[in-house]
Structures are given as C-alpha cells and as structure tokens.
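Please read all numbers here as calculations on a predicted model, not as lab measurements. So you know, we letter chains A, B, ... as the sequences are listed, proteins then strands, and number each from 1. Computed over heavy atoms, backbone and side chain alike; hydrogens, waters and symmetry mates excluded.
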There are 2 protein chains.
Amino acid sequence: MPKFLDSLPMILSRSLDRVMPSYRRLFQANDLTDQQWRVLRALWEKQHLTSAQISQITLLPPPSLVGILDRLEKKNLIGRLRSTEDRRHVHIIPTQKGRALMEHMMPMVDRIHDDFMQRVTAAEWAEFNRILEKLSEPTEKRNLA
Amino acid sequence: MPKFLDSLPMILSRSLDRVMPSYRRLFQANDLTDQQWRVLRALWEKQHLTSAQISQITLLPPPSLVGILDRLEKKNLIGRLRSTEDRRHVHIIPTQKGRALMEHMMPMVDRIHDDFMQRVTAAEWAEFNRILEKLSEPTEKRNLA
DNA sequence: TGTGAATCATTCATATATTAACTAATTAGA
DNA sequence: TCTAATTAGTTAATATATGAATGATTCACA
C-alpha cells in the first residue's frame, strides 16, 4: 500500500523544498533566482558555452532559458555572441561583472554544500547516489543492460 | 572540489526530471497536470480537506493552489465549500466525477510506483530514505538533537 | 471586552515550466 | 544539386512557483 507521501516524486520534491532555502537566501542576497545562479554556475566551470550546452548542464528547458538569459543579459552579467561558423549557435560568455559575482558567491555556495555533506559519511553519500541512480536511471539505458 | 552536477539540488532535480515523465504520460492521457493530480491524490486518502491541509500534504504553495483548485473546479472534479464553524476555512471535496477519475487512475499510478520500487531492494529503499532524511532534515529539528 | 496578533484564503507581480509551433541555418541523401 | 530532414534558438499559450501584500475571520489575553 504505497502512501502518497512516500512516493518517489513526493520524497524528492520534499527534500528539494527543504534543501533549497539554504541556498536561496544567498541567491536573493545577490539578487539572483535559483535558475539564474545555475547558469552562472555552469559558466564557472567553462566560460564558453552555447545555449544548448547550458540547457543540458543546468537542466533548464530551452524555452525557459531564453528568458533567464535575457534577464542575466539585462543585468550585464552575461553576453550573447552568435557563432560565425554555425550561425545557429549562440555562445554565452560571462561579463566582467558576471565573473566578479561568481567569484564572490562560489565560496559561500561551496560552504553550504559542505554543510550538507557533513550530515552524512562519505560512504553514505556514495550509497545514496548509487541507489538514487538505480531508482531514476533512464529507461533506455536500463534496456541495454 | 564539489562539482556543480553533484550538488544536492542538481542531483535531486535530475532524478525528478527522469522520474516524472513516466507519471506525466498517464496524467496527460487523463487531461491533468502533475499538480492537479497531486490534489486529487491527497483527496484519495481523505475526502474532506481544507485548502491549507492540501497545501501541506501536496507541498503546493497556497498561491499556486488557488489556481489549481480553480481549474479542478472548472473541470467539475472538485467542489469548494466554505466552513460554517470557521468561515476562514474552505473545504475541498471531490465530485462524483472526481472520485470516478481517481478510481480509474489510482491502479495505474500504483503500478508506476511499483515499477520504480522493483529497481531496488527493500533494504536499499529503506537505506535511501534514511540517508535522504539525514541530508534534508529541517534545520530546526536538527538543533533539537 | 476590546484590541492587537495570528490565521486562512486570496490577489498581485514577476519568474519559470511545459508543450507546440516556428524561423533560420545546416546537413543528409536521392 | 536540390530537396527533405535536422538542429539551435526562439515565440506563444497556458500552468505553476515565489514573495509580498490584502481582506475577512478568529484568537489570545491584558
């Protein structure tokens, strides 16, 4: 008798609802939404990404990404640059101001992450990821096994 | 060096993105959104809930719930009934049509859940829940320990 | 017993999610 | 080489999320 609250979607949603506020306080203090930070965070690892790549990394659907990039551009945190080789691609590049904000925030974001990690052992974290992967592994991949 | 994609929010978001499509196909076949189904699902266990109770159970924020209830009411799946004892409360009750839809869908929703559960052992599922609870336990509760 | 605090549902403004469709640019193949 | 199929980014329509504020009630309690 699976209870509603113990279903996989509800468990994951509830955890997200509990985890996000710690991050969101920091984002709001820097006038960013969760999603806007995700885009900057993706650009932290690689300063030169196309819109499609950012969508893949951040899990933000392309139609949403358009508005998010618009607002980041309006705040002068990123720039859009249409590719010359393949004119369908648009390269996203952080501005000076964007890089400065990222450098300001990254240590605090890492700190929040570390605080969560301290709640469990390294073995528990590994086990958690292993089971979650089994639970949510894409069906296509499963059929190959 | 915590990588972006391995952060708790991204891991949970990615899993949700992978799990939801299985459910969403069923919801769409019955002309429901994820959130609209959540409300009906809550009314499955208890056919008499106030708006605030539904918000707590479903994790749907009150401002969102207003519109969701509006649309369920327009589809004649639920009814709103203002309480006589405390006129601030609004009781939400499934209609005949709503109950019929719930009874039609519940077995299939349970089936999807069971399919996910078959991916892991009972021990793994328990361990998963235990670790996730440690990871996302509210701060207030943690301070009491 | 009156009055400020708390509660419930709601509205408002803005940002994002979802699905379908559309445009411009590129590629694949007959 | 020319057209059909693909791809990247975008627009459109509708639904939901988030945070602040409001209106109507009810509660706490001096």
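Backbone-only engagement by B:Ile68 is indicated by non-hydrogen atom pairs under 4.0 Å involving sugar-phosphate atoms exclusively. At the heavy-atom level, A:Arg38 lies nowhere under 4.0 Å from the strands shown. Nucleic acid contact for B:Val66: base, since at least one base atom lies under 4.0 Å from a heavy atom of the residue.
When the nucleotides C:dA9, D:dT18, D:dG9 are ranked by their closest atom to the side chain of A:Ala52, D:dG9 comes out on top. Taking every side-chain heavy atom of A:Gln36 into account, C:dT16 is the closest of C:dT11, C:dT16, D:dA8. Ranking C:dT18, D:dT25, D:dG9 by closeness to the A:Pro63 side chain, first place goes to C:dT18. The side chain of B:Gln28 lies closest to C:dT18 when the candidates are C:dT18, C:dT10, C:dA25.
At most 12 non-hydrogen atoms from other residues, nucleotides or ligands lie less than 6.0 angstrom from CZ of A:Arg87.
Remark: side-chain polar atoms of A:Lys97 are paired, donor with acceptor, to backbone N or O of A:Lys75 under 3.5 angstrom. Without hydrogens or angle criteria, A:Arg82 side chain to A:His91 main chain gives no donor-acceptor distance under 3.5 Å.
Both A:Arg82 and A:Thr33 lie close to DNA chain C; mapped to their nearest nucleotides by heavy-atom distance, the more 5′-ward contact belongs to A:Thr33.
Summarising the geometry, the separation between CG on A:Asp34 and P on C:dA17 is reported as 9 Å, rounded to the nearest angstrom.
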